[in-house]
Visitor: 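Quick one: this structure, given as structure tokens, is what I'll be asking you about.
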Amino acid sequence: RRIFRQGHFDRAGTAKFYAEGLIAIRKDGSAQSSFDWEAFEHWAESYGVFVIMPSKVQYTWIPKRVLSPDQQNQLRDLLAAKIPADKDGR
């Protein structure tokens, strides 16, 4: 499980990452969505977060503070294998 926030909605929840994609679940349990990796155009990483982007104007961020170093490495490897990195840093 990972904590995530949808950038434009700012709703915390959990996400489960799989080889096929991810499942995002709202914190209050009111909604759950499944996404194939093809739904995301880019991903990026900064000092404190991973960011996955279905477009240049939408994003979901995963704070590194909720992940162990091993989980961070696993997520980084999974994102690198499944989604192109954002070369522009935007």
Side-chain angles (χ1 to χ4, degrees):
R1 289 184 171 204
R2 312 294 192 276
I3 300 296
F4 74 95
R5 286 188 179 236
Q6 180 68 30
H8 60 288
F9 291 127
D10 198 30
R11 293 186 186 137
T14 59
K16 297 178 183 181
F17 297 89
Y18 301 96
E20 300 82 20
L22 67 93
I23 298 172
I25 306 161
R26 271 195 196 161
K27 186 177 185 177
D28 65 5
S30 65
Q32 177 175 310
S33 300
S34 298
F35 301 92
D36 293 333
W37 291 119
E38 293 79 25
F40 299 99
E41 291 185 6
H42 302 285
W43 75 280
E45 179 180 358
S46 71
Y47 175 76
V49 297
F50 291 97
V51 181
I52 52 177
M53 298 163 267
S55 72
K56 288 289 188 180
V57 296
Q58 292 180 314
Y59 62 90
T60 297
W61 59 273
I62 302 109
K64 290 182 177 179
R65 63 180 159 70
V66 301
L67 305 171
S68 70
D70 186 51
Q71 289 173 322
Q72 289 179 32
N73 289 332
Q74 290 174 10
L75 182 57
R76 185 180 298 110
D77 291 346
L78 183 61
L79 295 175
K82 301 294 183 178
I83 307 172
D86 183 20
K87 304 285 189 223
D88 297 335
R90 294 186 258 146

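Bear in mind the structure is a predicted one, so any value in this text is a computation, not a measurement.
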Visitor: Report the residues that fulfil salt bridge (Lys or Arg N to Asp or Glu O under 4.0 Å) with Lys82, sequence neighbours left out, ordered by chain and then residue number.
Guide: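 Scan of Lys82 (salt bridge (Lys or Arg N to Asp or Glu O under 4.0 Å), adjacent residues dropped) gives none.
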Visitor: In the structure I gave you, are the side-chain heavy atoms of Lys16 and Ile25 within less than 4.5 Å of one another anywhere?
Guide: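 Yes, close enough: below the 4.5 Å cut-off.
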Visitor: Mind jotting down which residue pairs meet the salt bridge (charged side-chain N to carboxylate O under 4.0 Å, His left out) criterion with at least one end in residues 30-44? Sequence neighbours excluded, please.
Guide: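 Sorted result for residues 30-44: empty, none.
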Visitor: Search all heavy atoms of Trp37 against all heavy atoms of Leu78 and return the closest pair with its distance.
Guide: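 That would be CZ2-CD2, 3.6 Å.
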Visitor: Please give me the minimum heavy-atom distance between Ser34 and Ile23, naming the atom from each residue.
Guide: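 Heavy atoms of Ser34 and Ile23 come nearest at OG-CG1, 3.7 Å.
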Visitor: What pairs with Phe35 under ring pair (Phe, Tyr, Trp, His ring centres under 6.0 Å), at least two apart in sequence or on another chain?
Guide: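 Only Phe40 meet the ring pair (Phe, Tyr, Trp, His ring centres under 6.0 Å) criterion with Phe35.
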Visitor: Supply the atom-to-atom distance Ile52 CD1 to Ile62 CD1, rounded to the nearest 0.5 angstrom.
Guide: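 Atom-to-atom, Ile52:CD1 and Ile62:CD1 are 4.5 Å apart.
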Visitor: Indicate yes or no: at least one non-hydrogen side-chain atom of Trp43 is less than 4.5 angstrom from one of Val51.
Guide: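 Of all side-chain heavy-atom pairs linking Val51 with Trp43, none is under 4.5 Å.
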Visitor: Taking side-chain hydrogen bond (donor to acceptor under 3.5 Å, both in side chains) as the definition, give me every residue that meets it alongside Ser30, ordered by chain and number, with sequence neighbours left out.
Guide: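 Per chain and number, Ser30 pairs via side-chain hydrogen bond (donor to acceptor under 3.5 Å, both in side chains) with Arg26, Asp28.
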Visitor: Run the side-chain contact (heavy atoms from CB on, under 4.5 Å) test against Gln72 and tell me which residues pass, sequence neighbours left out.
Guide: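 For Gln72, the residues satisfying side-chain contact (heavy atoms from CB on, under 4.5 Å) (neighbours in sequence not counted) are Phe50, Lys64, Leu67, Arg76.
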Visitor: Report the residues that fulfil side-chain hydrogen bond (donor to acceptor under 3.5 Å, both in side chains) with Asp77, sequence neighbours left out, ordered by chain and then residue number.
Guide: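 Here no residue qualifies.
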Visitor: Which residues pass the side-chain contact (heavy atoms from CB on, under 4.5 Å) test with Ser68, not counting sequence neighbours?
Guide: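 Residues passing side-chain contact (heavy atoms from CB on, under 4.5 Å) with Ser68: Asp70, Gln71.
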